[in-house]
Amino acid sequence: MANLSELDPSVATSTVTCCIAGCGPAGAMLGLLLARAGVEVLVLEKHDDFFRDFRGDTVHPSTLEVIEELGMLDRFAQIPQQHTAKLRAWTDGGTVELADFGSAGLRHPYIAFVPQWDLLDFLTDAAREHPGFDLRLGAEVVDLRWQGTRVAGVRYRDRDGLHDVAAALTVAADGRDSDVRRLARLEPVQYGAPMDVLWFRLSRSPSDPTESVGRVSTGRFMAMIDRGSYWQIGYVVPKGGDSRLRAGSIDALRASVRELVPSFADRTEREPGSWDDVKTLSVQVDRLRRWHRAGLLCIGDSAHAMSPIGGVGINLAVQDAVAAANLLAEPLRAGRLRERDLARVAWRRWLPTVLTQGLQRLVQRRLLAPLLERRQPRGARVLGALARVQALRRVPARLIGVGVLPEHVRSHAAPSRVRAP
């Protein structure tokens with residue numbers, strides 16, 4: 001294929017060792033780790049800021065351990081956050097404890113609920129302390145540069161026009177609808193999901209509970225995430241069910257929330273204000289068969305879109321970034337990156353991705369789909385066992401909190417190059 005600059009020499013070209021498209025958790029963490037290792041890295045984010053309401057909030061124990069390994073745990077603790085040591089579901093018959101992180105032998109026995117925009121600010125602020133890091137907001141990748149069959153960088157557009165970036169490695173970290181993945185002609189396998197999620201806010205009352213919880217009832221499921229000054233609500237509907245709801249009045253959604261949580265009655269008379277205040281997440285579970293081609297690697301949701309079950313998407317994305325930095329920092333610094341290095345990252349992260357998605361699909365099939373169809377869930381016995389036997393709660397606590405094959409930061413730091421904040 002012809003190089004873009006050969007087709008349009010009027011577009012100026014800059015050069016960087018690694019160009020990352022997308023500054024979500026995977027892109028931000030990889031940018032930080034590579035810059036810390038002395039690799040020149042450019043991160044492109046198409047939005048002008050990180051403040052978008054539908055973002056995952058969960059920072060899991062394994063991610064907290066990565067932050068500790070980076071020596072940033074004290075800085076992280078300064079971010080406003082809520083901690084949950086147990087995951088509970090509030091059913092029509094009472095409260096069921098699903099996971100107990102305190103009994104699972106974890107170094108950080110809790111999940112921290114942190115708005116994702118705060119997490120991304122935290123990671124990119126730390127990355128800016130390294131001279132090799134550059135983040136450009138409002139920069140959307142519109143094409144790839146090619147040298148034969150090898151990806152050799154990107155073309156992006158910002159408010160000043162078009163720019164070309166030549167890079168030894170391009171990383172697609174631009175989410176489940178990745179433009180870079182599409183441009184590289186990598187097609188994920190779709191596994192489907194039985195639900196979508198309506199995402200909206202409800203104000204908090206001083207008498208409200210002080211922890212995040214799931215509300216389960218026949219035909220309905222709702223996640224209630226404590227964000228301190230308000231509740232972030234994830235209201236689960238059957239796949240495509242949001243269009244039927246939106247065809248009617250917002251009062252139907254308000255009434256359903258009120259039935260699920262009667263103590264919200266004073267707020268659901270007026271909240272959410274209209275359908276404009278309700279966002280829809282179209283849930284999808286997919287995975288690339290091939291995560292790379294010469295000069296290009298996909299990580300995070302670009303490689304594998306996760307179900308929201310367990311809130312493990314951020315965790316998997318961060319683990320991908322740590323594995324990529326561990327395996328690629330040295331060949332990138334030495335200027336000898338090969339496609340087999342990219343394949344090593346994909347192979348290392350393949351098993352945890354497959355197993356995690358398999359468990360999510362099992363929960364969708366055995367529990368959520370029957371629940372939303374108002375049938376008796378075949379997985380209800382598992383919930384009953386968790387309610388009765390405390391030792392069993394360690395299993396979901398380990399799977400959700402740490403996952404399969406957790407990654408740890410290797411010491412690639414280049415301290416002499418770190419600049420003062």
Side-chain angles (χ1 to χ4, degrees), residues 24-26 54-63 84 87-89 96 98-99 101 104 111 175-178 188-199 212 214 216 220-223 225 234-241 280-289 291 298-320 349-373 375 377-383 385-386 392-407:
F54 195 91
R55 289 287 204 179
D57 288 334
T58 53
V59 180
H60 289 235
S62 60
T63 302
T84 293
L87 292 183
R88 295 185 173 93
V96 177
L98 303 177
F101 299 104
I111 287 179
R176 60 185 57 209
D177 297 314
S178 171
V189 177
Q190 301 288 340
Y191 295 104
M195 75 282 196
D196 291 325
V197 180
L198 304 182
W199 193 248
S212 301
V216 182
R220 290 177 292 182
F221 175 79
M222 186 173 77
I225 300 172
Y235 185 96
V236 179
V237 296
K239 175 62 74 173
T280 300
L281 170 68
S282 179
V283 176
Q284 59 192 67
V285 180
D286 63 40
R287 184 172 68 248
L288 288 174
R289 287 193 178 96
W291 295 22
C298 297
I299 63 173
D301 280 0
S302 298
H304 48 74
M306 311 299 292
S307 167
I309 293 170
V312 296
I314 294 175
N315 193 48
L316 268 288
V318 168
Q319 298 293 303
D320 286 357
R349 297 306 304 159
W350 180 85
L351 180 62
T353 300
V354 169
L355 291 180
T356 303
Q357 287 185 329
L359 288 170
Q360 289 183 326
R361 292 163 62 194
L362 182 65
V363 173
Q364 289 180 168
R365 184 169 63 252
R366 295 295 184 91
L367 189 63
L368 282 179
L371 183 72
L372 293 173
E373 294 168 5
R375 295 186 284 114
R378 295 167 66 185
R381 293 180 181 178
V382 176
L383 295 180
L386 289 172
L392 289 179
R393 299 169 205 155
R394 299 174 188 171
V395 176
R398 293 288 303 186
L399 290 172
I400 294 172
V402 177
V404 181
L405 192 62
E407 306 287 347

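The distance from atom CD of E407 to atom OG1 of T63, rounded to the nearest 0.5 Å, is 11.5 Å. Distance check: Q319 CD to L405 CG gives 8.5 Å after rounding to the nearest 0.5 Å. Atom CG of L87 is separated from atom CZ of F101 by 4.0 Å, given to the nearest 0.5 angstrom. To the nearest 0.5 angstrom, T356 atom OG1 is 10.0 Å from R287 atom CZ. Interatomic distance, W199 CH2 to T280 OG1, rounded to the nearest 0.5 Å: 12.5 Å. Rounded to the nearest 0.5 angstrom, L316 CG and I299 CD1 are separated by 11.5 Å.
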Could you go step by step and tell me if R176 and Q284 meet the side-chain hydrogen bond (donor to acceptor under 3.5 Å, both in side chains) rule? CA-CA 8 Å; R176 60 185 57 209; Q284 59 192 67; 4.6 Å; no
Report the C-alpha separation of I314 and V318 in whole Å, then their side-chain angles, then the decisive distance to 0.1 Å, and conclude whether the side-chain contact (heavy atoms from CB on, under 4.5 Å) test is met. CA-CA 6 Å; I314 294 175; V318 168; 4.3 Å; yes
side-chain contact (heavy atoms from CB on, under 4.5 Å) evaluation trace for D320 with H304: CA-CA 10 Å; D320 286 357; H304 48 74; 2.6 Å; yes
Check against side-chain contact (heavy atoms from CB on, under 4.5 Å), W291 and R349: CA-CA 10 Å; W291 295 22; R349 297 306 304 159; 3.6 Å; yes
Test log, rule side-chain contact (heavy atoms from CB on, under 4.5 Å), inputs I400 and L98: CA-CA 11 Å; I400 294 172; L98 303 177; over 6 Å; no
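For the pair H60 and G401, the tightest heavy-atom approach, listed with the atom from each and the gap, is CB-O, 3.6 Å. Summarising the geometry of S212 relative to I225, their closest heavy-atom pair is OG-CA, 3.5 Å, with the distance given to 0.1 Å. The heavy-atom pair separating G311 from T58 by the smallest distance is O-OG1, 2.8 Å.
With N315 as the partner, the side chain to side chain contact (heavy atoms under 4.5 Å, CB included) test is satisfied by one option alone out of S62, P25, P406: S62.
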